[in-house]
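Lettering of chains follows the sequences in order, A, B, ..., and the numbering in each one begins at 1.
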Amino acid sequence: MWVGRGDALRARRELGFSLNVLTVFPSAPDIPVDRDERSFVGVNDLPNAVQEFPPIPSIYWRPLNAALQRVTTIRPAKRRMNVTRADSRGGVIQRIEREIANLDRWQKSAAIEMPEGPQRIRGLAGSGKTVVLALKAAYLHTQRPTWDIAVVFYTRSLYQQFKDLIQRFTIEHSGEDPNWDKLKLLHAWGGSGRPGMYSEIAGRIGAPVRSFQFAREKFGSDEGFRGICSELLSEVRSSSPDPFFDAVLIDEAQDLPEPFFQLVHAVTRQPKRIVWAYDDLQKLSEATMPSTSDLFGEDADGNSRVELPADTEDAPRSDIVLPTCYRNTPWALTLAHALGLGVYREGGLVQYFDDPQLWSDVGYTTIKGSLEAPGSQVVLKRAEDSYPGYFDTLLKPKDAISTHQFKGPAEQAEWVAENVAKNLTEDELQPDDILIVLPNAYTSKSAARTVMRSLEKRGITAHLAGVTSSPDELFDRESVAIANIYRSKGNEAPVVYVLNSQECHSGYELLRLRNTLFTAITRSRAWVRVCGWGDTMTPLRDEINKVEESGFQRQFTVPTDEELERMRTIHRDRTADELDRIQHGVDGARQLVELIRAGELSPESLPPELRTSLAQLFLPDGGGDELGP
Amino acid sequence: MGPKEQAEEVRELLELLADAEIAFFVNQVIPRKFPGQRTRVTWPPRAGRPLPWNSSRVSAVDYQAWIDGGAYSAILHDGAILQFTFDFEAEQLVGSRLAYIPCPFDVHDLMGSASLSEIVELFRGGSVDDVELRGPLRLDFDAASARPGHPASHMTFLRPSARVAAAGPVTLARFLKFVFQHFYPELWRAHEFLREWQSPDPSRTILLDEERGLHLNWIAIT
């Protein structure tokens, strides 16, 4: 066993504990007379034999564990040369970063277990899926160096992360660099100078590799990738090429369309070692992913191409859940869920998990009531094993989350700039420890300008990520990143400022707005500042206060099936045509109000049935029995 | 005009360009202090990014590097880059660079659909037919580098070796008017601030020998 540099395992120049060698036999061995009998033992006597050795001092347990797992750091610990105090925010995040070094048992087993067939890995954002996939890829590559393996991702900034992790893991397992001809890192699409799974497949069968512009023009911006994958799939099905991958590992699977999975299935050799990892809660209301049957489609006989067998004790698992979230504090996660679902919203829940089992899968435990009983009250809390203990030790809820309401965007910008200045000085943080999130992508440029001006006044450099620059890099060592919600996805920072949060409190497409709030808050690794302005920030602030006052528990009435259906109808994401219709309706209503207020129209002149409908809509409890004449 | 006033002028102009939606995006202006009394008024540098214009030829690769590195004061809606840099020794202007760099591709219709860098990358991976033949334009002032064949103030275009003498350092106002009057006449007509912007001209630097050849000249505003 190679323990690497092992600084933490040393006492001065010596190893901090003595090494003892024990040879274990299946049964009690015949020991040669010239050998020390304490060095040989049968497996049944192993526990007693180990007890005879002096114990390892407890200060070495953690670093020894890390060395045994061959992971000393999962990602390069940032060199925080500016940290002088352990209790500054810089000091706290430094300790958090060191604590993340060890894989937990869930991640380790998920990385090593590989069934002879497909495998699904899911968990919350921040549960370590990318690390698990990287380790799995490295492990497969070192165990099977002749295999053609692909690691696929969607967010381009993951490329460097995967490359670094796989390189480190491969060297630690085999002592050599990976063979990148056999282990390929592929963006899902690919483009100029960037290898991609789609472009790789198209190239292999001689099909045209469609550009972003083509896809956008033919299928629309939202459906472009789906469209070109469907097009390519038809060609693959008709040409039936020989598969050319032995294993494909897919990260961010929730962002990829079904035709893409079917393409991957077609080009992967039997027994179809396809591993896909996804965030359970990118969309809160539904199992994020389609079923495996929908993902991979059906064969000519109508059978699902992929089925995940039920897990058995003595076989590698096909369906793995990573229950511990390392990225977010339990309080930020609870808040994000509560706001995303609308648990304490005045109008009631906005969305709900389709499958009650999902609550415990993503780390909640029931304190009171039952999730299986629609119409009844239930109280949930984050299970203690759903988050690492260092959050409780190093942070406090009141500091981890704070909410701030301002008169207008200028005041908000000034407050943020003042606090960023404090973060960079007395808090001993660095510019790339901070992320400012703008929920509304359409107004992000103008909103960013306001904040950038306030930062500029304090000599703080900032940039709006992804509007002009490459999407591969969000952060910059010397500049504070500002990003809209789409560019923020997949990234995280110790300190996150969510601006203009009031825009996510209400409005049509409420589902999307609430999901935006969820995504924004869960970018934070330690501290999140939820900021907003104007009167519409007040009800959002009230919701957040209720979450805090509840002790970060979730209390709500389990919705009935009818209520669930109504929720889905009212708050679902809408098509452009539907939005147009809604907008026309809203404009018409606004015009009506203006006419009445201006005295050009009296309410009495409205058709009676319209007056009745309008009156009923705004009565409490649906009204109906207390109408006026 | 000293560094503080120059920074304010640049900021004010960038705000107007952004408000009028002439600029797709404008950068910050954070004066940087150097040893001695030197101050540079320009966009904030990003970690590890080299300054532009280091190579002897400029290509789409450089354009993309400038975009990725935030090396611009503003980006216009057709992807053209404006770069404003002013160097001061105490309150004295000792150098300036005002550059207009058109985008190598026609990206106007795609602006905002993805990051500009992504859009450019897509074009770079496409057909050479998409390349628009238009070169950058730079107006430089550097008294310390002046020598025969290298006027203290000059305009560079097409090739780095092409330095057409200018009467003196070109101000932001003159640069603004030159670019918009000639390259964006419709915007020039539509926005008064582009036509009316004023900055006092620094002292002339052109030499008699340089005046004998083709050069840029104007009637100074004091």
For a side-chain hydrogen bond (donor to acceptor under 3.5 Å, both in side chains) check, start with the C-alpha distance between B:Q83 and B:W66, then their side-chain angles and the critical distance, and finish with the verdict. CA-CA 10 Å; B:Q83 292 176 339; B:W66 293 333; 5.7 Å; no
Carefully, step by step, assess A:E428 and A:R89 under the rule salt bridge (Lys or Arg N to Asp or Glu O under 4.0 Å). CA-CA 6 Å; A:E428 298 187 327; A:R89 293 201 205 281; over 6 Å; no
Go through B:R195 and B:E192 one step at a time and tell me if the salt bridge (Lys or Arg N to Asp or Glu O under 4.0 Å) criterion holds. CA-CA 5 Å; B:R195 300 191 300 273; B:E192 191 182 345; 5.2 Å; no
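Of the atoms belonging to B:F24, heavy atoms from both backbone and side chain fall under 4.5 Å from chain A. For chain A, no part of B:V120 is nearby; none of its heavy atoms comes within less than 4.5 Å. For B:E15, the parts lying near chain A are the backbone and the side chain together; criterion is any non-hydrogen pair under 4.5 Å. A:S479 touches chain B through its side chain: at least one heavy atom from C-beta onward sits under 4.5 Å away, while N, CA, C and O do not. Within the 4.5 angstrom heavy-atom criterion, no atom of A:A465 approaches chain B. The parts of A:L455 that come within reach of chain B are both its backbone and its side chain, each placing non-hydrogen atoms under 4.5 angstrom from that chain.
Interface summary for chain A: among B:I119, B:L14, B:I75, B:N27, the most heavy-atom pairs under 4.5 angstrom belong to B:N27.
The aromatic rings of A:F153 and A:Y159 lie tilted to each other, with the angle between the two planes from 30° to 60°.
Aromatic ring centroids of A:W189 and A:F225 lie under 6.0 Å apart.
Under the 4.0 Å criterion applied to side-chain N and carboxylate O atoms, B:R97 and B:D142 are not assigned as salt-bridge partners.
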